[in-house]
Trainee: 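If you scroll down you'll find the structure; I have some questions about it.
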Amino acid sequence: MRIAPGRGVRGALAVPGDKSISHRALLLAAIADGASEVRGFGRSADTCSTLDALRALGVEIAGEDDRLTVAGVGLRGLREADGPIDCGNAGTLVRLLSGLLAGQHGRQFELTGDASLRTRPMHRIVEPLRRMGAGVEAAARERLPLGIEGRPLRPIRYELPVASAQVKSAVLLAGLYAATGPTTIVEPHPTRDHTERMLETAGVRVRRKPGEVSVWPAERLEPLSLDIPGDFSSAAPFVAAAALLPGSDLRIAGLNLNPTRLGFLNVLERMGARVSVFNRRPIGGEPGGDLEVTHAPLVATSVGPSEVPLLVDELPLFALVAACARGESVVTGAGELRVKETDRIEALTTELRALGVRIRATADGFRVRGVPTRIQGGRMDARGDHRIAMLGAVAGMVSREGVEVGGAEAVAISFPGFFELLDSVTER
Ligand code: S3P
């Protein structure tokens, strides 16, 4: 796919429902007592992996487009699947589902995924789930496939070795099945808190203190009736394009504005971007609202370990924005990027260098020398990673020569209509 240079992005748009919340909504609705309704479901390859996985576990899910009804089977009602459950490319699915399956006493499950997911670390969930008493067997080097045997679980207090909402969520979900409470997670830095919020909505006892969160075992989960807000991570490429292109004035409506997801916005504001939030309102148990972004000249900034989880999926876009901001920008404490859908430190630095960006990888981040002009452009490869494909698209918009993005169809992992929507707001 070739992305020509753009003059600006203008107009109003909405993005699909939040991917993190869409996964969680299906998973919790599946184990609720009774029928849940989910509106604004962000349908993508990843969230369809969750739909398919739950169906394989005996959960009936009906509906089309972004409205779904889920017939909850109750906390302990997931049945053994006929074969391995394919989690596709979805790290969130495999980690969170493991927490639920660990509590399905007396049943056995096998989880696997695509070539990318099979290279990703699972030790991070295997270890705490085993401590809780679950039977978990991983393949060599603690990779997928994962065998899980549901057993009686005990509560733990667990200090996360890495700031990961996926690991936090896996343990909290397993905590629903523990013999007593609380099951407590201690976080090195705050991460997205959608699981905690949704558990509270479903009637679970949750206690939150600075740096830690606890859950108590549940007897039953209330069914959900949920409107899923727009995914800030899907909006981020549009936000980046609007911030960088002089002819821009863009409104994005109905977004999830949970502070644990807004690191990219804060970083952009620090760099001088003009961003306003209005119509603040709760959407589906999350802080929501509309966003307006216009262009302004940007200056370099640094992002450190405590901020990283708040923009972990937007760091590839940050690299591009930093390339067009005056001065040197530095990211540290982002080693987690090496174990995402690709090694994103390697991927983003190599692919952006091919487009003329002066960027260098470090062990746990990168350094970019920014010049407030258009980047050159050229050819890059998405490497099967949706966030790298979207990075390539924005890179093309802010380039002099345009960018040919190889494997651009990877956007469908999180955002199938991405290119059409981008086209609809682009001024050439
Ligand atoms: C997610 C958490 C993050 C993020 C991923 C979605 C979630 O992963 O990168 O895209 O939904 O909990 P980690 O928690 O492993 O950092």
Side-chain angles (χ1 to χ4, degrees), residues 16-28 41-42 44-47 49-50 87-100 113 116-117 119-128 158 160-173 185 187-199 213 228-229 231-237 256 258 260-264 284 286 305-318 331 333-345 347-348 364-365 385-391 410-411 413-415:
D18 189 290
K19 176 158 83 81
S20 289
I21 299 176
S22 295
H23 284 301
R24 286 161 172 78
L26 291 184
L27 291 168
L28 290 196
F41 176 68
S44 64
D46 258 13
T47 57
S49 292
T50 295
C87 297
N89 194 245
T92 303
L93 169 60
V94 74
R95 269 75 177 248
L96 272 60
L97 183 58
S98 296
L100 292 186
S116 155
L117 197 58
T119 66
R120 295 181 66 184
M122 295 301 148
H123 178 72
R124 49 186 59 199
I125 54 163
V126 170
E127 206 243 342
Y158 190 66
L160 288 184
V162 285
S164 163
Q166 294 182 355
V167 180
K168 169 175 68 174
S169 301
V171 175
L172 293 178
L173 293 177
I185 286 287
E187 292 193 287
H189 304 293
T191 63
R192 65 192 70 194
D193 62 355
H194 311 307
T195 303
E196 298 88 300
R197 286 172 182 271
M198 208 181 287
L199 284 173
V213 51
I228 299 181
D231 195 326
F232 182 78
S233 296
S234 297
N256 181 7
N258 182 319
T260 61
R261 295 288 296 281
L262 289 194
F264 187 53
E286 298 270 331
S306 62
E307 203 169 23
V308 163
L310 312 178
L311 74 158
V312 64
D313 295 332
E314 287 69 67
L315 283 169
L317 286 169
F318 170 69
V331 174
E336 274 296 292
L337 286 185
R338 294 206 181 270
V339 293
K340 295 294 179 190
E341 287 83 331
T342 53
D343 174 346
R344 284 187 179 153
I345 293 181
L348 75 90
D364 68 346
D385 184 331
H386 56 131
R387 305 276 175 224
I388 302 297
M390 290 189 233
L391 168 68
V411 297
I413 296 290
S414 62
F415 194 165

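Count residues from 1 along the sequence. FYI, side chains are in, hydrogens and waters are out, and symmetry mates aren't considered; it's all heavy atoms of this structure. In each ligand, atom 1 is the first atom listed, and ligand 1 is the first ligand listed.
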Trainee: How long is the straight-line distance from CG of L173 back to CG of L28, given to the nearest 0.5 Å?
Mentor: 6.0 Å

Trainee: How far is atom 11 (O) of ligand 1 from the closest protein heavy atom, and which atom is that?
Mentor: S20 OG, 2.7 Å

Trainee: Among all protein heavy atoms, pick out the one at the shortest distance from atom 6 (C) of ligand 1; state its residue, atom name and that distance to 0.1 Å.
Mentor: T92 OG1, 3.4 Å

Trainee: Counting only nitrogen or oxygen atoms and a 3.5 angstrom limit, does Q166 reach ligand 1?
Mentor: yes

Trainee: Can you find a heavy atom in the side chain of K168 that is under 4.5 Å from one in the side chain of T195?
Mentor: no

Trainee: Can you find a pair of side-chain heavy atoms, one from D193 and one from V213, that are under 4.5 Å apart?
Mentor: no

Trainee: Any N/O of E336 closer than 3.5 Å to an N/O of ligand 1?
Mentor: no

Trainee: Considering non-hydrogen atoms of the protein only, which is the closest contact for atom 16 (O) of ligand 1, and what is the distance?
Mentor: K340 NZ, 2.9 Å

Trainee: Quick one: do the S414 and H386 side chains pair a donor with an acceptor below 3.5 Å?
Mentor: yes

Trainee: Could you list the atoms of ligand 1 found under 4.0 angstrom from a heavy atom of D313?
Mentor: 4 (C), 5 (C), 9 (O), 10 (O)

Trainee: Is the shortest N/O to N/O distance between A165 and ligand 1 below 3.5 Å?
Mentor: yes

Trainee: Find all atoms of ligand 1 within a distance of less than 4.0 Å from any non-hydrogen atom belonging to V312, and give their numbers and elements.
Mentor: 9 (O)

Trainee: Any nitrogen or oxygen of S164, main chain or side chain, under 3.5 Å from a nitrogen or oxygen of ligand 1?
Mentor: yes

Trainee: Is R124 close to ligand 1, meaning an N/O of one under 3.5 Å from an N/O of the other?
Mentor: no

Trainee: Can you tell me which residue and heavy atom of the protein come closest to atom 12 (O) of ligand 1, and the distance to 0.1 Å?
Mentor: R24 NH2, 2.6 Å

Trainee: Say whether S44 and D46, considering side chains only, have a donor N or O and an acceptor N or O under 3.5 Å apart.
Mentor: no

Trainee: Who pairs with D313 by salt bridge (charged side-chain N to carboxylate O under 4.0 Å, His left out), at least two apart in sequence or on another chain?
Mentor: R192, R344

Trainee: Is a side-chain donor or acceptor of T47 paired with a backbone partner of G42 at a separation under 3.5 angstrom?
Mentor: yes

Trainee: Apply salt bridge (charged side-chain N to carboxylate O under 4.0 Å, His left out) to R261 and list each qualifying residue two or more places apart in sequence or on a separate chain.
Mentor: D18, D231

Trainee: Under a 4.0 Å heavy-atom limit, does R192 contact ligand 1 with its side chain, its backbone, both, or neither?
Mentor: side chain

